[in-house]
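To start, I am sharing the structure in question, which I have written as structure tokens.
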Amino acid sequence: MKPFLFVTDLDNTLVGDDQALTKLNRQLSQHRQEYGTKIVYATGRSLTLYRQLQADKDLLQPDATIAAVGTEIYLNGSDTPDPAWSEKLSHKWNRDRIVATTAHFADLVPQPDSEQRPFKVSFFLTEAIAAEVMPQLQSLLEKQGLDIKLIYSTGQDLDILPRHSDKGLAMQFLRQQWEIDPAQTVVCGDSGNDIALFAGAERGIIVGNASYELLQWHNDNPADHHYLAEAACAGGILEGLNYFGFLE
Ligand code: GLC
Ligand code: MG
């Protein structure tokens, strides 16, 4: 058995089936202890909402947490985002201009203040109009020279981020730092903000309860190294880790 880099989304991926989570936690923490496997959580949540989830659920202490859809990286339980990553995202990022531009769109409903982050501006946007609103917003932002990326998840959340950030790019930043082989990396997710993880990984587990935008993406970009699990949440992760032979 070799060490691997385990990167997982939290809501509806790692978290959602408490019994399967307990079983997966046991196996992962044993693997980390014996082989030096690294555990990374990659969530859309701010650190504030992540701490709430930590208080509610039985989560392992990860080696790093990628928060706010990849715009913040916290190493070893630290409360301060990794400054090297923040520095990379600050180029051509003008948060005030973005906020001012979004004010022209009545359909964008701002998310709570805790989810508005230095490198992330977030709204609720209904699924029925998302396909129409997003290209308009994107083109208006780009016309002003703003270097941004729009990410839509679970048919309700719209995140605006610096173009060179997302969960996948943050994961690659850590992988390079830790010098882990891409073939020894596995990512797990269920929704739109996880697509970037799959796009940048050689092994991926899509949990059985994945939402339509990730399934659609998988359908359009089929790959043998992306495993579509039968089981939901942590049960699907266990299934995938066994499929790829990461666990004995
Ligand atoms: C989490 C975040 C939210 C974000 C969503 C999708 O729910 O709290 O701000 O929009 O993930 O990325
Ligand atoms: Mg999720």
Side-chain angles (χ1 to χ4, degrees), residues 6-18 20-21 24 40-57 59 62 65-74 81 89 95 98-99 102 105 107-127 130 133-134 137 148-163 165-171 187-199 201 204-218 228-229 231-237 240:
F6 174 78
V7 184
T8 186
D9 168 52
L10 296 175
D11 293 282
N12 303 312
T13 301
L14 184 69
V15 175
D17 175 346
D18 290 345
L21 176 60
L24 174 62
V40 173
Y41 294 156
T43 180
R45 291 178 179 237
S46 60
L47 195 66
T48 309
L49 290 193
Y50 165 60
R51 294 275 187 242
Q52 283 182 19
L53 191 67
Q54 260 187 326
D56 288 351
K57 295 287 171 185
L59 299 178
T65 300
I66 293 169
V69 198
T71 61
E72 296 166 24
I73 298 177
Y74 298 89
L89 305 194
R95 200 178 191 286
I98 294 169
V99 172
T102 57
F105 292 78
D107 299 312
L108 298 176
V109 177
Q111 287 190 12
D113 286 348
S114 74
E115 302 315 284
Q116 310 299 343
R117 305 293 306 153
F119 298 108
K120 169 176 173 285
V121 183
S122 296
F123 299 91
F124 296 117
L125 175 63
T126 55
E127 200 177 325
V133 172
M134 282 172 58
L137 174 62
I148 47 84
K149 170 181 287 179
L150 303 187
I151 297 186
Y152 192 60
S153 303
T154 51
Q156 63 164 40
D157 296 318
L158 175 68
D159 301 309
I160 307 174
L161 319 175
R163 197 159 63 84
S165 66
D166 54 39
K167 288 184 180 184
L169 294 167
M171 176 270 284
V187 303
C188 317
D190 77 298
S191 85
N193 70 11
D194 302 316
I195 292 172
L197 283 175
F198 290 97
I205 301 166
I206 299 173
V207 289
N209 55 303
S211 62
Y212 82 96
E213 69 276 339
L214 177 57
L215 292 173
Q216 178 82 54
W217 178 84
H218 179 57
L228 189 53
C233 307
I237 298 178

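Both counts, for ligands and for their atoms, begin at 1 and track the order of listing.
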Worksheet item: Which pair of heavy atoms, one from Pro118 and one from Arg95, lies closest together, and at what distance?
Response: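 Where Pro118 meets Arg95 most closely, the heavy atoms are O-CD, 3.4 Å.
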Discussion item. What protein heavy atom lies closest to atom 7 (O) of ligand 1? Include the residue and the distance to one decimal.
Written reply: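 Ranking protein heavy atoms by distance from atom 7 (O) of ligand 1, first comes Asp157 OD2, 4.2 Å.
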Item to complete: For ligand 1, find out whether one of its N or O atoms is nearer than 3.5 Å to an N or O atom of Gln111.
Response: yes
Discussion item. Working note: Lys167 + Asp9, criterion salt bridge (charged side-chain N to carboxylate O under 4.0 Å, His left out); need CA distance, chi angles, decisive distance, verdict.
Written reply: CA-CA 9 Å; Lys167 288 184 180 184; Asp9 168 52; 3.0 Å; yes
Discussion item. Suppose I only count heavy atoms of Lys120 and a 4.0 Å limit; which atoms of ligand 1 are within that range?
Written reply: 3 (C), 9 (O)
Practice prompt. Verify whether one side chain among Ser122 and Glu115 offers a donor that lies under 3.5 Å from an acceptor in the other.
Written response: no
Item to complete: Please report which non-hydrogen protein atom sits nearest to atom 10 (O) of ligand 1, along with the residue it belongs to and the distance in Å to one decimal place.
Response: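 The closest heavy atom on the protein side is Asp159 OD1, 2.6 Å.
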Discussion item. With a 4.5 Å cut-off on side-chain heavy atoms, are Leu59 and Val15 touching?
Written reply: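 Touching, per the 4.5 Å side-chain cut-off.
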Item to complete: Could you name all protein N, O or S atoms found under 2.8 Å from the Mg ion (ligand 2)?
Response: Asp9 OD2, Asp11 O, Asp190 OD1
Discussion item. Could you identify the single nearest non-hydrogen protein atom to atom 11 (O) of ligand 1 and state the distance to 0.1 Å?
Written reply: Gly44 CA, 3.5 Å
Item to complete: Would you mind running through ligand 1 and noting each atom that sits below 4.0 Å from a heavy atom of Glu115?
Response: 2 (C), 8 (O), 9 (O)
Worksheet item: Does atom CG of Asp56 have more than 12 heavy-atom neighbours, drawn from other residues, nucleotides or ligands, at distances under 6.0 Å?
Response: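 Above 12, so yes.
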Worksheet item: Does Ser211 use its side chain to pair, donor to acceptor, with the backbone of Asp190 at less than 3.5 Å?
Response: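 Side chain of Ser211 to backbone of Asp190, a donor-acceptor pair under 3.5 Å: yes, one is there.
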Discussion item. For the backbone of Leu197 and the side chain of Asp194, can you confirm whether one donor and one acceptor N or O come within less than 3.5 Å of each other?
Written reply: no
Discussion item. Students often mix this up, so state it plainly: with edges at 30° and 60°, are the rings of Trp217 and Phe198 parallel, tilted or perpendicular?
Written reply: tilted
Worksheet item: Between the side chains of Tyr74 and Glu72, does any donor sit under 3.5 Å from an acceptor?
Response: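 Result is yes, a qualifying pair exists.
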Fill in: Where ligand 1 meets Val69 - atom numbers and elements under 4.0 angstrom, heavy-atom basis
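Result: 12 (O).
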